[in-house]
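To start, the structure under review is shown below, and the notes come after it.
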Amino acid sequence: MYKVIGIGSAPSSGSTLLADLLDSTNLSAVGPELGLFSVNHIYQDFEMFKNNLFKSSKNYSIYLIRSAINVKSLSAYGLDENKLKNLVNKSNTYEDFFTNFAHHYLSLRGKNINGVVFEKTPQNLEFVKDYLKVHGNYFIHIVRNPIDVFLSLKKRNIPEAIALLTWYTEQIKILPFINDPRVILIKYEDLIKKPFKTVSEVMQKITGFYIEPEEIELNYKNNYYRKYHTEKLKTWNSQSFGKIEHKKRNISLKERIYLSNVYNLQISKRYAEVFSADSMPLIEMIEKFGYLNEFKKIVSPELDDKFGLDLRSKAFLTRKVLSNLKRRDFEFKDLSVLFKFFENKKRV
């Protein structure tokens, strides 16, 4: 097992809280989002990775244009671009690099050198198939109720249609691997209820060592590193570090209509072919992850007004494709595929 483990999710799914908790043991460290596993060249041969270290790469999300290593986060790891290059260049294999990276960061943080480093970037999920195939490590995925993900993304000024579909298109990527023993699936709602017990179980599975939940709780409340190195978005309900709470959602009639509009959506066969995705209908996906009963309390057949991409959403997707066209990562026909990646299928 490599000493660096990826965490990925749909955005606004609680991955920052999970990272705060996982960082609160002596056997683990989690820094700011680095994007280490969200670039496609890390899944090529090691020389390819060396030569493309800071280049951006395409990704298959609809909420993000491109992915790259986040150089702004390097200082929190005690690194800069040159130091990271040196760390890579003195390594002969991926195993060497991840070991050197982990030892550097664990020692910087005063943690046990035999521990593990978790690299938490939501976009790591984009490459979960390659991650499991090439690196063969544990992968941690946190999932949250799609209603809450939609409401959170909407607050972040993401177009409604993109906010609606992001949970769907992201969860599809993990679907083929949810029974893989290397994938640790955590529900945000369960994490909120038993945060320290959940993290204790995760750490025992990965490291083989049992850590008392009470010890994790004490370390979490006194984790000043995460408090001062974690970005809290202005749109988040909770801005206070050290408090774990699940606030009651407020949902408007307009938002209920948006959610009702996607009830019958299914990813088109063409999109599934181009992006190697599953074509499970959205409602079945929601049921698969255990959110169907709550979703049905919000949506209503009477509110279903045929779903479509508005001009703002189309402009958003157009920027994504044009950015990738410049780098020859996309074909122009992919634009029409993105515009028509869903189908409305009424159920009888």
Side-chain angles (χ1 to χ4, degrees), residues 1-9 13-34 36-37 76-78 87 91 93-121 124-125 128 131-132 134-143 174 177-230 241-242 244:
M1 182 189 77
Y2 291 158
K3 291 173 68 68
V4 183
I5 294 172
I7 301 175
S9 66
S13 294
S15 61
T16 297
L17 171 61
L18 177 61
D20 292 342
L21 290 161
L22 283 170
D23 187 69
S24 301
T25 85
N26 189 45
L27 281 171
S28 55
V30 192
E33 293 180 7
L34 192 57
L36 188 60
F37 296 113
Y77 288 86
L87 203 62
S91 306
T93 64
Y94 279 118
E95 185 173 4
D96 287 344
F97 167 63
F98 287 129
T99 300
N100 291 334
F101 181 88
H103 285 171
H104 165 84
Y105 189 50
L106 289 164
S107 62
L108 179 74
R109 296 286 310 281
K111 304 271 188 164
N112 189 320
I113 201 71
N114 295 313
V116 294
V117 172
F118 294 97
E119 203 294 286
K120 191 281 289 187
T121 303
N124 290 340
L125 181 59
V128 62
Y131 175 95
L132 293 170
V134 175
H135 298 310
N137 235 6
Y138 280 112
F139 185 87
I140 300 179
H141 175 66
I142 182 168
V143 59
I174 198 71
F177 309 105
I178 56 175
N179 294 319
D180 190 306
R182 296 167 296 175
V183 172
I184 300 174
L185 182 66
I186 298 172
K187 291 186 71 171
Y188 173 79
E189 295 77 15
D190 294 338
L191 184 66
I192 290 292
K193 292 176 183 176
K194 297 179 180 179
F196 311 111
K197 185 174 185 294
T198 299
V199 169
S200 176
E201 291 171 350
V202 169
M203 288 299 298
Q204 185 171 23
K205 182 171 185 176
I206 290 173
T207 68
F209 293 99
Y210 176 72
I211 305 171
E212 292 284 351
E214 293 78 13
E215 179 183 339
I216 297 172
E217 181 177 8
L218 179 63
N219 290 338
Y220 170 69
K221 291 179 177 178
N222 294 285
N223 193 333
Y224 295 105
Y225 176 89
R226 288 294 301 181
K227 180 177 180 179
Y228 295 113
H229 284 86
T230 302
F241 185 89
I244 300 176

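Nothing fancy with the numbering, it's 1 onward along the sequence. The analysis underlying the following values was restricted to heavy atoms, covering all of them including side chains, and did not include hydrogens, waters or symmetry mates.
Listed by chain and number, the residues in a side-chain hydrogen bond (donor to acceptor under 3.5 Å, both in side chains) with T198 amount to none (sequence neighbours excluded). F177 meets the ring pair (Phe, Tyr, Trp, His ring centres under 6.0 Å) test with no other residue; sequence neighbours excluded. Checked against side chain to side chain contact (heavy atoms under 4.5 Å, CB included), K193 has no partners two or more places apart in sequence or in another chain. Take S107 and apply the side chain to side chain contact (heavy atoms under 4.5 Å, CB included) test, not counting sequence neighbours, and it matches I113. Taking the side-chain hydrogen bond (donor to acceptor under 3.5 Å, both in side chains) definition, one finds that T25 meets it with S28, sequence neighbours left out. Residues passing the side chain to side chain contact (heavy atoms under 4.5 Å, CB included) test with A76, sequence neighbours excluded: P32, Y225, H229. Remark: E119 pairs with no residue by the salt bridge (charged side-chain N to carboxylate O under 4.0 Å, His left out) rule, at least two apart or across chains. For D180, the salt bridge (charged side-chain N to carboxylate O under 4.0 Å, His left out) partners at least two apart in sequence or on another chain are R182. With sequence neighbours left out, F118 forms a ring pair (Phe, Tyr, Trp, His ring centres under 6.0 Å) with no residue at all. For S200, the side chain to side chain contact (heavy atoms under 4.5 Å, CB included) partners at least two apart in sequence or on another chain are Y210, P213, I216. In this view, F139 and Y131 satisfy the ring pair (Phe, Tyr, Trp, His ring centres under 6.0 Å) rule, not counting sequence neighbours.
Panel note: side chain K120, backbone G6; no donor-acceptor pair is recorded below 3.5 Å. Side chain of N222 to backbone of L218: a donor-acceptor contact under 3.5 angstrom is found. Between the H104 side chain and the L87 main chain, no donor and acceptor come within less than 3.5 Å of each other. Proximity of a side-chain donor or acceptor of N124 to a complementary backbone N or O of G8 within less than 3.5 Å is not detected.
Annotation: H135 is in aromatic contact with F98 [ring centroid separation under 6.0 Å].
Of the inter-residue distances, the one linking H141 atom NE2 with S13 atom OG reads 7.0 Å to the nearest 0.5 angstrom. Taken to the nearest 0.5 Å, the CE atom of M203 stands 4.5 Å off from the CD1 atom of I211. For the atom pair L21 CG and L191 CG, the distance stands at 5.5 Å (nearest 0.5 Å).
Screening residues 200-213 for salt bridge (charged side-chain N to carboxylate O under 4.0 Å, His left out), with sequence neighbours left out, gives K197-E201.
Here the shortest heavy-atom pairing between N100 and S91 reads ND2-OG, 3.0 Å. Nearest heavy-atom pair across R226 and G31 is NH1-O, 3.1 Å.
Checked by atom type, the side-chain pair D23/N223 shows a donor-acceptor distance below 3.5 Å.
Side-chain contact between I7 and T121 is absent, with no heavy atoms from C-beta onward closer than 4.5 Å.
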Worksheet item: Given the rule in the side chain to side chain contact (heavy atoms under 4.5 Å, CB included) test, do Y220 and E217 qualify, once you have shown the distances and angles that lead to the verdict?
Response: CA-CA 5 Å; Y220 170 69; E217 181 177 8; 5.6 Å; no

